[in-house]
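All remarks here apply to the structure that follows.
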Amino acid sequence: MRFFFSAFFWFSLVPSLLVLAQNAPSVVPLAVKTPYLNAWVNSTLQGWPMFWDMKSENILGWIGLARVDGVTYQWMGGFPDIPHPKLTNTVLTPTRTILTFEAGPNVILNVTYLSPIETSDLSLQSLPFSYMAVDVISKDGAPHDVQLYSDVSGEWASSSNTDTAQWSTQFTPDSIIQKISTSTQRSFVETNDMVDDGIFYYAMPAKTPGLTWQTGPDTILRPGFNATGRLNGTDDREFRAVSDHWPVLAISVDLGNIVNSTSPVVWSLGLVREPVVQFTTAPGKMEQRSAFYQSKFSSIEAAISTFIARFPDALKNAVAFDNSLLSRAATISQDYADLISLTTRTALSSTEMTVLKRQDGTGTYDSKDIKFFMRDTGAAPASASQGVRANPVDAMFASWPLWMEMNPEWGKHLLEPLFQVQRGLNDGAVGDLGQAFPKVSKPDLVGSAQRAYIVESSASMIIMALAHAQASGDGSLLSSEYDTLHRWATRSTDSKSIPSQGSQDSPNLVLKAILAVKAMSVISHTAGRDKDAQEFSSKSTSMLNQWMTTSAGADQMFYPLFVDKWLGLGLISSEIYQQQENRVKQDSSPFGVPLSAQSQGMVRTDWTMFTASLLQDTTVRDNWLNKVNKAAKLSSNPSSFGNIFSATSGEPNVQGQASPALGATFALLRSTVPPKTFSVAAPKYVNVPAIVGGVLGGVLFLALLLFVLFLFRRRQQRRAQLAVLPVAPASRHSFISHAFEAAPPSDGASTIVSTSTDTTAISFFSEKRRAPTPVGTSGVIYPANISVQRNLDAEDPPPKYAPMSGEHQV
């Protein structure tokens with residue numbers, strides 16, 4: 001039982017990984033999970049962990065001590081006067097960094113840094129936490145007295161050591177949870193690439209045998225453990241600046257006299273922010289978006305306890321994931337497997353996976369409103385007043401093979417914010433969602449920086465959308481966004497816009513646009529829009545013929561050819577592929593092929609990987625991959641592996657460190673995966689002529705109806721005017737004969753209203769005869785059927801009206 005866990009831990013590794021022991025990268029990842037939980041360390045481990053940018057001002061105070069038979073060794077950290085054990089092995093997998101030390105002559109420490117990748121469970125994948133696990137093995141088979149210790153400082157929660165830190169220790173039934181943050185939280189603000197609104201947590205199972213804890217100055221806690229092998233369980237409550245006597249959170253475990261640890265000692269660490277992204281979808285409309293896991297846990301303490309408890313499952317899943325992925329990569333080459341191990345965590349950690357909290361006061365989340373936001377890690381801001389780009393389309397395009405390998409649905413969540421802010425616009429695609437991550441917004445398309453990349457961004461979005469459908473078998477995104485994609489494809493045919501960018505890579509940008517137009521023809525055909533499909537297919541062919549004449553002979557790598565192969569477009573001839581292979585064969589640069597003669601000898605990892613996936617000569621391909629892997633392992637200038645480096649020296653460029661574009665390493669794996677069948681619902685086109693005709697017809701009908709009503713009203717008014725006649729003064733000789741029908745008025749009766757006070761006024765238009773009805777003093781309502789003869793000489797007053805039957809003539 002004692003040796004079982006360690007045996008499982010070691011022998012579950014792919015054996016070929018052990019070649020990394022003598023040739024590790026210059027820096028190795030430790031806790032790499034989000035844009036801000038991103039810790040690395042020099043591969044010699046002779047110093048403090050640092051943030052991904054490896055800047056001296058971004059040190060992360062994190063130390064690991066092992067006290068073996070009364071002698072303390074420092075396996076991680078830079079605290080003075082405590083020696084480092086001998087590092088004997090370094091193994092990297094996509095999820096883990098495994099370090100082996102000799103702590104004295106007779107004890108081995110296996111230290112594993114695990115950042116889980118849970119491709120089938122977004123609630124787990126979005127947790128901003130990582131593990132550090134330590135196993136102890138006796139070399140001589142004898143028991144040894146062993147205690148372990150680790151602490152963290154406030155440097156995790158702030159980029160400024162002058163910020164005031166505050167901290168606490170909490171026990172739950174399952175866990176001990178320590179946390180530290182700054183007293184002033186500046187939401188959505190970055191300083192030196194680090195965020196200023198994070199709360200850092202350090203935790204362990206509460207029932208761990210031999211557990212002790214303490215908070216206080218580093219110069220008291222570390223020497224205290226060195227002397228006694230334990231902590232005293234007190235909480236320093238004197239909040240102060242991060243660098244003022246360096247307050248630290250410490251947890252130690254006394255293993256006692258052991259031969260081998262029966263289970264690893266596990267610390268959990270994480271940087272929590274709430275919310276994580278501010279997304280402006282339209283002027284005046286702003287969303288405060290939470291990390292997705294928030295929708296699945298009742299509290300952060302519940303999330304931490306779950307994360308701690310599931311370490312055995314997390315490790316088991318990680319081993320299975322690593323072995324599956326690396327066994328496939330190793331069939332290409334060991335250098336390629338090494339690159340997959342180095343880049344997977346890096347590329348994934350660039351993204352915040354978010355959900356929207358409902359604004360109805362219930363505290364619930366809309367689980368259908370999931371959006372991912374990528375930080376353009378490694379890229380320098382465009383200016384001193386700007387931050388880092390959000391959802392950079394170029395970096396997303398480069399990393400797309402990774403996202404399709406991990407979970408195609410995750411890629412869809414990356415695309416959706418870009419589609420959301422551009423629906424209905426009459427222009428090409430934007431290149432990002434603003435330059436102030438983690439503040440995200442629709443950029444101004446009028447700006448020259450955006451307009452310069454409209455055609456390229458439009459092409460990239462179309463290609464990514466089709467690649468998602470082929471990888472997932474889900475065509476719903478293509479269905480819902482067909483009109484937008486159609487507009488972007490039309491814009492991509494405007495090749496005149498590309499040279500105006502003044503880019504040395506114009507031939508590649510034109511080629512990408514050509515392939516995007518062809519991809520749109522595939523989308524249109526699947527949607528049943530055969531006319532669109534034919535037009536885009538014909539246009540892509542004519543554009544390609546022109547490109548062959550003007551650009552095919554350029555001395556550079558045509559990395560977009562990967563798209564033709566990956567999506568199965570079949571547009572590019574075998575001669576062009578062979579031309580690329582010949583250029584790679586002729587190159588003698590020690591660290592790879594520069595993009596072009598104008599690229600100042602710089603190699604891009606993403607474009608190199610795209611091109612490597614096209615090479616048919618495996619010897620040439622493997623040699624090229626070896627060059628990139630050598631650049632990743634240079635130790636002369638320690639930095640996290642980047643996307644840009646020198647072809648002659650291998651030295652990294654200041655830009656591109658820890659870039660999400662490193663996901664392009666998955667191009668070789670994805671290029672051989674057959675596409676899935678998908679369907680696209682036919683878009684509902686708006687028939688403008690029919691609508692206009694219908695509207696005009698309706699207007700004319702209404703006008704005619706009003707005209708008829710007008711005529712009818714005029715006629716009624718005319719009748720009313722004729723119904724009231726002036727009467728000569730009455731004489732006694734005058735008499736009137738009236739014919740009335742003694743019956744109540746019927747619905748069909750026609751009634752005339754007289755407002756005259758002259759009671760001799762008589763209505764003579766009739767359909768039915770009926771008695772008059774008085775309507776006050778202003779007039780009388782006369783029945784419509786009255787026959788009248790009048791003796792103009794008569795002077796007698798008119799008779800009183802009385803209902804009579806029959807008709808009388810006088």
Side-chain angles (χ1 to χ4, degrees), residues 31 33-37 95 114-133 150 152 156-157 166-181 185 187 195 197-209 211 213 215 235 249-251 253 263-277 288-318 349 351-372:
K33 198 66 193 292
T34 73
Y36 307 110
L37 182 67
T95 64
L114 167 61
S115 296
I117 297 176
E118 303 281 0
T119 59
S120 61
D121 192 328
L122 184 56
S123 62
L124 296 177
Q125 180 60 32
S126 61
L127 282 167
F129 292 97
S130 189
Y131 299 105
M132 179 178 69
S150 182
V152 292
W156 288 85
Q166 55 187 19
W167 55 88
S168 65
T169 301
Q170 173 186 358
F171 278 90
T172 71
D174 303 314
S175 311
I176 173 176
I177 300 174
Q178 298 176 311
K179 65 179 180 180
I180 189 167
S181 64
Q185 296 277 286
S187 297
V195 76
D197 59 359
I199 301 175
F200 186 80
Y201 287 86
Y202 212 40
M204 181 177 282
K207 297 180 182 179
T208 302
L211 183 152
W213 65 275
T215 63
D235 209 356
L249 316 176
I251 301 175
V253 174
S263 61
V265 177
V266 183
W267 288 263
S268 297
L269 62 152
L271 187 71
V272 172
R273 301 172 53 242
E274 173 58 20
V276 294
V277 165
Q288 309 291 334
R289 302 190 65 89
S290 304
F292 182 80
Y293 76 90
Q294 295 273 6
S295 66
K296 301 299 180 181
F297 295 96
S298 59
S299 66
I300 188 60
E301 290 78 15
I304 293 172
S305 293
T306 298
F307 184 80
I308 292 172
R310 71 176 310 275
F311 172 76
D313 289 336
L315 180 60
K316 179 181 177 181
N317 291 349
S349 69
T351 300
E352 296 282 11
M353 304 172 174
T354 77
V355 66
L356 184 62
K357 192 173 187 177
R358 293 190 178 94
Q359 301 303 306
D360 56 5
T362 62
T364 59
Y365 297 82
D366 183 355
S367 60
K368 295 182 179 180
D369 190 349
I370 303 170
K371 292 183 176 66
F372 287 11

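Because the structure is predicted, anything quoted here is derived from the model rather than measured.
- Put simply, OG on S126 and CG on D121 are 8.0 Å apart, with the number rounded to the nearest 0.5 Å.
- Checking each of L269, I177, T215 against L249 for a side-chain contact (heavy atoms from CB on, under 4.5 Å) leaves exactly one that passes, namely T215.
- The shortest non-hydrogen separation linking A157 to S181 is CB-CA, 3.9 Å.
- Within the 4.5 Å cutoff, side-chain heavy atoms of I199 are placed close to those of Q185.
- Nearest heavy atom pair, residue T95 against residue A318, reads OG1-CB, 3.4 Å.
- The minimum heavy-atom distance linking S175 with I308 is given by the pair OG-CD1, 3.5 Å.
- D197 CG to R273 CZ: the interatomic distance, rounded to the nearest 0.5 Å, is 4.0 Å.
- Put simply, CD1 on I117 and CD on Q125 are 6.5 Å apart, with the number rounded to the nearest 0.5 Å.
- Of the possible donor and acceptor atoms, none in the side chain of Q178 sits under 3.5 Å from a partner among the backbone N and O of T169.
- With hydrogens and angles disregarded, no donor-acceptor distance shorter than 3.5 Å links the side chain of K357 to the backbone of Q288.
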Dump the intermediate steps for side chain to side chain contact (heavy atoms under 4.5 Å, CB included) on W213 and D235, then the final yes or no. CA-CA 9 Å; W213 65 275; D235 209 356; 4.1 Å; yes
Using side chain to side chain contact (heavy atoms under 4.5 Å, CB included), reason through Y201 and V272 one step at a time and then give a plain yes or no. CA-CA 8 Å; Y201 287 86; V272 172; 3.7 Å; yes
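- Ring centers of Y365 and F292: at least 6.0 Å apart, outside the cut-off.
- Annotation: side chain of L122 is in contact with side chain of F372 (closest heavy-atom distance under 4.5 Å).
- Between A206 and F171, the shortest heavy-atom distance links the atoms CB-CD2, 4.4 Å.
- Inter-residue side-chain proximity for K33 and P128 is flagged as unmet; no heavy-atom pair is nearer than 4.5 Å.
- Of the N and O atoms on the side chains of S367 and S295, not one donor lies less than 3.5 Å from an acceptor on the other residue.
- Nearest approach of M132 to S150, heavy atoms of both residues: CE-OG, 3.5 Å.
- Summarising the geometry, atom CG belonging to L127 is positioned 11.0 Å from atom CE belonging to M353; distances are rounded to the nearest 0.5 Å.
- Here the side chain of S130 pairs a donor or acceptor atom with the backbone of L114 at under 3.5 angstrom.
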Stepwise salt bridge (charged side-chain N to carboxylate O under 4.0 Å, His left out) check, R289 with E352: CA-CA 10 Å; R289 302 190 65 89; E352 296 282 11; over 6 Å; no
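- Between P264 and F311, the closest side-chain pair of non-hydrogen atoms falls below 4.5 Å.
- Checking side-chain atoms of R310 against main-chain N and O of D313 turns up no donor-acceptor pair under 3.5 Å.
- Note that the NZ atom of K371 and the CG atom of L356 stand 7.5 Å from one another [nearest 0.5 Å].
- Between L37 and T34, the shortest heavy-atom contact is N-OG1, 2.9 Å.
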Audit row: Q166, I180, side chain to side chain contact (heavy atoms under 4.5 Å, CB included) steps and yes/no: CA-CA 6 Å; Q166 55 187 19; I180 189 167; over 6 Å; no
Take S290 and E274 through the side-chain hydrogen bond (donor to acceptor under 3.5 Å, both in side chains) test and state the conclusion after the steps. CA-CA 6 Å; S290 304; E274 173 58 20; 2.7 Å; yes
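- Looking at E118 and N317, their side chains come closer than 4.5 Å, going by heavy atoms from C-beta outward.
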Could you please spell out the steps behind the side chain to side chain contact (heavy atoms under 4.5 Å, CB included) verdict for F129 and T306? CA-CA 11 Å; F129 292 97; T306 298; over 6 Å; no
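- Under the 3.5 Å distance criterion, with hydrogens and angles disregarded, no donor-acceptor pair is assigned to the side chains of D174 and T172.
- A donor-acceptor pair under 3.5 Å links the side-chain atoms of Y131 to the main chain of F307, judged by distance alone.
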